[in-house]
Amino acid sequence: MKTINIYVSLFILISTCFSCESFLEEVPRDIISPDNFFASEADARQAINGVYAIYKNNSLYGQVGLDHFYDNGVDIIEPNRVADFVQAIGNYTMNEALADVSIQKMSVSDTWKDLYKVILNTNVIIDRVGGNNAISQNVQTDVIAEARFLRGLAYWHITNLWGDAPYYTANLTIDAIKVLGRTPKATILAGVLDDLKFAQDNLSSTYPAAQRGRASKWAAAIVTAKIYMQQKQWQLGLDKCLEIINQSGHQILPTYASVFDPANEYNKEIIWSLDFAKDIRGQFEEGVADANGNLNPIFGNGNWRPSMFNPRLGDEPKNTADRSALRNALTARGEAFNGTGLQIASKDFAEKFPMNDLRRPLNIMDNYLGFDLAFTYMRKFMNLSLTSSPRFNHSENRLVFRLADVKLMAAECENERPGGNPTAAYEYIKEIRNRAYATTAEAEAIKGLTQQQFRQAIYNERKWELAGECIRRYDLIRWGILLDVVQNLQYRFWNPAANIRPWHVLLPIPLQELQQNPNLLKSDPTNNGYRNN
């Protein structure tokens with residue numbers, strides 16, 4: 001059930017109360033004061049649901065805001081045409097000014113602002129809920145644990161995208177916030193780990209059906225493990241992965257396709273997904289409204305992301321003379337190619353994906369209903385149903401973390417830790433390999449490798465298993481091979497190999513933020529290298 005959206009109307013009031021149009025806006029808009037809002041347990045729960053709503057914005061998980069940073073411009077995804085609002089990052093032509101350019105609530109600036117809205121709001125929640133006599137101690141602990149997870153997740157993303165950044169965990173005034181300089185990434189991550197520990201210690205392992213969109217303690221654990229791996233603390237990373245594997249109750253499903261089945265989107269492999277519903281207005285930054293305030297139906301009210309992966313009939317099929325026949329075949333099934341085609345499998349990804357890998361049809365779709373297609377699509381994120389999943393109004397959840405990622409992380413940690421054993425590491429991904437290949441011999445082709453050989457196998461295995469799941473650039477950066485990989489890519493419309501430079505492991509702080517707060521340049525006048533080049 002998609003119940004978190006019940007509180008959307010109240011969130012609109014809450015978020016306008018203790019969020020602001022810009023992280024550094026001088027005077028926030030104010031409707032009701034947070035000083036007198038938290039008068040009951042229901043208030044506290046609704047405030048937390050408001051923070052989840054921010055994560056559903058287009059700039060984060062609601063469309064492909066985070067996808068631009070984590071998947072575009074590496075060896076996974078590209079658009080099927082030149083598109084300005086995805087090109088600057090994917091083609092490595094980003095600069096401070098372009099970071100402020102927003103289309104459909106997606107830009108570097110929008111992502112920066114929304115992540116800091118999460119932080120501002122969770123700081124208020126933690127401050128107003130803790131010690132509040134109107135709220136029971138158990139609920140206080142539960143709400144604060146959830147707020148600290150959501151805050152820690154936001155700061156983790158911020159350090160991934162910008163490195164050093166403003167950092168605060170108190171309920172500060174806007175005047176205090178707007179002059180903050182950048183805190184070292186290591187200091188921020190230490191605070192994030194503290195938040196995540198509190199969250200894992202106090203959040204539930206599972207939730208009843210009505211609350212399944214909430215993050216469990218295992219979501220906090222997986223982010224913790226990722227940070228340990230980023231820090232090359234391999235044993236700590238392995239220990240945390242094993243907690244999830246052995247204690248969470250999550251399981252690897254028998255088939256790859258079943259993981260992405262929209263009819264089974266709360267399946268046992270998924271550790272956390274953000275729940276969406278069709279026709280729920282206000283669960284994310286809305287589209288275009290008409291003169292009467294009614295939302296333009298072109299932009300819809302649900303999850304936008306599947307539309308970015310769905311094909312566009314104007315582009316298909318390869319033989320344009322068959323377009324009418326394809327349309328008729330789709331109509332007969334209650335379907336339509338009504339997407340944008342701006343998130344498709346890249347040329348490099350399609351050419352290298354193993355032909356004998358059973359995951360290939362879910363990641364590389366170049367034929368549909370017998371029609372050869374001009375482009376290759378990622379079938380696992382598509383939904384063509386006109387009834388349940390119309391354009392820009394999809395009901396599908398947004399998958400964030402799943403157990404297969406944890407198993408692959410455990411294998412990597414085992415291989416990399418002092419005294420690690422690649423043969424033992426293989427056992428962690430045995431289930432994943434077995435479901436990916438028709439024969440045992442194919443599945444065990446990476447068994448018995450040296451440490452270096454298994455390391456390379458993990459690089460590839462994560463690529464095939466987790467493609468399009470907002471992980472790839474993060475992996476390439478922590479492995480130290482982003483430039484090497486991108487400099488060998490060929491795209492249809494972009495030329496990232498020619499454009500990428502060493503500083504592109506981070507994004508620039510948007511120009512608008514720098515103009516409002518010059519202190520952001522004190523510790524790094526180059527703005528992550530973008531001002532020197």
Do the ring centers of His394 and Phe381 come within less than 6.0 Å of each other?
-> no
Is the charged tip of Arg398 near the ring of Tyr61: under 6.0 Å from the six-membered ring centre and within 45° of its axis?
-> no
Please name the pair of heavy atoms, one in Ala411 and one in Ile458, separated by the smallest distance, quoted to 0.1 Å.
-> CB-CD1, 4.0 Å
Tell me yes or no: between the side chains of Tyr70 and Asn160, is some donor less than 3.5 Å from an acceptor?
-> yes
When rounded to the nearest 0.5 angstrom, what distance separates CD in Gln63 from CG in Asp110?
-> 11.0 Å
Can the ring centres of Tyr474 and Trp156 be said to be less than 6.0 Å apart?
-> yes
Verify whether one side chain among Arg182 and Asn528 offers a donor that lies under 3.5 Å from an acceptor in the other.
-> yes
Only one of Lys380, Lys463, Glu465 passes side-chain hydrogen bond (donor to acceptor under 3.5 Å, both in side chains) with Asn363, and that residue is Lys380
Test the Lys56-Phe276 pair against the cation-pi criterion, namely NZ or CZ under 6.0 angstrom from the six-membered ring centroid and within 45° of the ring axis.
-> yes
Quick one: CD on Gln251 to CG on Leu403, what's the gap to the nearest 0.5 Å?
-> 8.5 Å
Any pair with a residue in residues 170-211 that passes ring pair (Phe, Tyr, Trp, His ring centres under 6.0 Å), sequence neighbours left out, goes on the list, sorted by first then second residue, please.
-> none
Just checking, any donor-acceptor pair under 3.5 angstrom between side chains of Gln512 and Trp112?
-> no
Give, for atom CZ of Phe260 and atom CG of Leu362, the distance between the pair rounded to the nearest 0.5 Å.
-> 7.0 Å
Residues in ring pair (Phe, Tyr, Trp, His ring centres under 6.0 Å) with Trp218, at least two apart?
-> none
Looking at Arg473, Arg478, Arg472, which one forms a salt bridge (charged side-chain N to carboxylate O under 4.0 Å, His left out) with Asp475?
-> Arg478
